[in-house]
Amino acid sequence: GDPAVRPSPRRARVSHRPTIAMSSALIRFINSPTGPKTTHFWGPVANWGFVVAGLEQATKPEHMISGPMTGALTVYSALFMRFAWRVQPRNYILLACHTANGTVQGYNFARWFQWSRTQDTVTALSESAK
């Protein structure tokens, strides 16, 4: 062969092994029991809406927070954290979602609870002043 056409021995060869490994890992995830072809994936993805709503509610004044609803969402997330851990195959996406939601809702509940206690004190003082 013509020496001008042959590749230089100094040129590094490009390995496609990392790309193949990543694509096979992605394919394994897609086809896994908790992958995007299942409700074990899309259910938790949809539940992130609760977290977003809780974060949005964290910017509102305390009197606009529904204490009973926020308390119920905190308990709901605690129950589903346990479920996500116990279910087989273990659903880490659901666990992460409900851990985040439990944290956000717990924070909002604490804000509401502190506010409601001060409101009870204000109401009691105003009634005793009458």
Side-chain angles (χ1 to χ4, degrees):
D2 186 6
V5 177
R6 286 194 327 199
S8 167
R10 291 186 194 163
R11 182 193 270 175
R13 291 187 180 186
V14 177
S15 172
H16 294 288
R17 287 179 190 239
T19 306
I20 292 169
M22 282 193 311
S23 65
S24 66
L26 180 62
I27 290 169
R28 277 196 313 274
F29 168 69
I30 289 171
N31 293 321
S32 75
T34 57
K37 290 183 177 181
T38 68
T39 58
H40 293 286
F41 177 82
W42 292 108
V45 167
N47 274 329
W48 279 100
F50 289 130
V51 179
V52 171
L55 288 170
E56 189 270 331
Q57 193 173 39
T59 63
K60 290 184 176 180
E62 289 82 357
H63 73 276
M64 295 183 72
I65 296 172
S66 169
M69 187 64 195
T70 304
L73 284 169
T74 304
V75 171
Y76 159 81
S77 284
L79 292 171
F80 269 86
M81 278 189 275
R82 183 181 187 282
F83 171 79
W85 187 255
R86 301 284 297 168
V87 70
Q88 292 299 320
R90 194 164 279 164
N91 195 329
Y92 295 108
I93 302 169
L94 187 64
L95 179 64
C97 169
H98 284 294
T99 301
N101 190 44
T103 303
V104 169
Q105 299 299 339
Y107 169 73
N108 285 333
F109 185 79
R111 287 178 56 227
W112 172 82
F113 185 74
Q114 278 188 318
W115 172 82
S116 69
R117 285 184 45 202
T118 61
Q119 294 308 302
D120 291 342
T121 304
V122 168
T123 303
L125 288 174
S126 67
E127 287 179 2
S128 67
K130 289 182 182 178

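All values reported here derive from a predicted model rather than from experimental measurement.
In terms of heavy atoms, C97 sits closest to V51 at O-CG2, 3.6 Å. When all heavy atoms of N108 and A58 are compared, the closest pair comes out as OD1-CA, 3.3 Å. Counting all heavy atoms, side chain and backbone alike, T99 lies closest to M81 at OG1-SD, 3.3 Å. Residue Q105 comes nearest to F50 through the heavy atom pair NE2-O, 3.7 Å, listed as atom of the first residue, atom of the second, then distance. Across all non-hydrogen atoms, the minimal contact from K37 to N31 is NZ-OD1, 2.8 Å. Here the shortest heavy-atom pairing between V104 and L55 reads CG1-N, 3.5 Å.
Grouping the Ile, Leu, Val, Met, Phe, Trp and Tyr side chains by contacts below 4.5 angstrom, directly or via other members, places L79 apart from W85. Residues V45 and L95 fall into different hydrophobic clusters, defined by Ile, Leu, Val, Met, Phe, Trp and Tyr side chains chained together at heavy-atom separations under 4.5 Å.
Between T38 and F41 there is a side-chain heavy-atom pair separated by less than 4.5 Å. Taking 4.5 Å as the limit, every side-chain heavy atom of P44 sits out of range of all side-chain heavy atoms of Y92. E62 has its side chain out of reach of T118: every pair of non-hydrogen atoms, C-beta onward, lies at least 4.5 Å apart.
With rounding to the nearest 0.5 Å, the separation of CG in L73 from NE2 in H98 is 10.0 Å. Distance check: M69 CE to T74 OG1 gives 10.0 Å after rounding to the nearest 0.5 Å. If you take NZ on K60 and CZ on R111, they are separated by 10.5 Å, rounding to the nearest 0.5 Å. F109 contributes atom CZ, which lies 10.0 Å from atom OG of S66 (distance to the nearest 0.5 angstrom). In this structure, S32 OG and L26 CG are separated by 10.5 Å, a value rounded to the nearest 0.5 Å. Here CH2 of W48 is found 10.0 Å from CG of L94. Values are rounded to the nearest 0.5 Å.
Within a 6.0 Å sphere centred on CZ of F113, other residues, nucleotides and ligands contribute 12 heavy atoms or fewer. Shown here is R82, whose CZ atom has no more than 12 heavy atoms of other residues, nucleotides or ligands within 6.0 Å.
By the 30° and 60° cut-offs, the orientation of the rings of H63 relative to W115 is tilted.
Under a 3.5 Å cut-off, the side chain of T59 and the backbone N or O of E56 do form a donor-acceptor pair.
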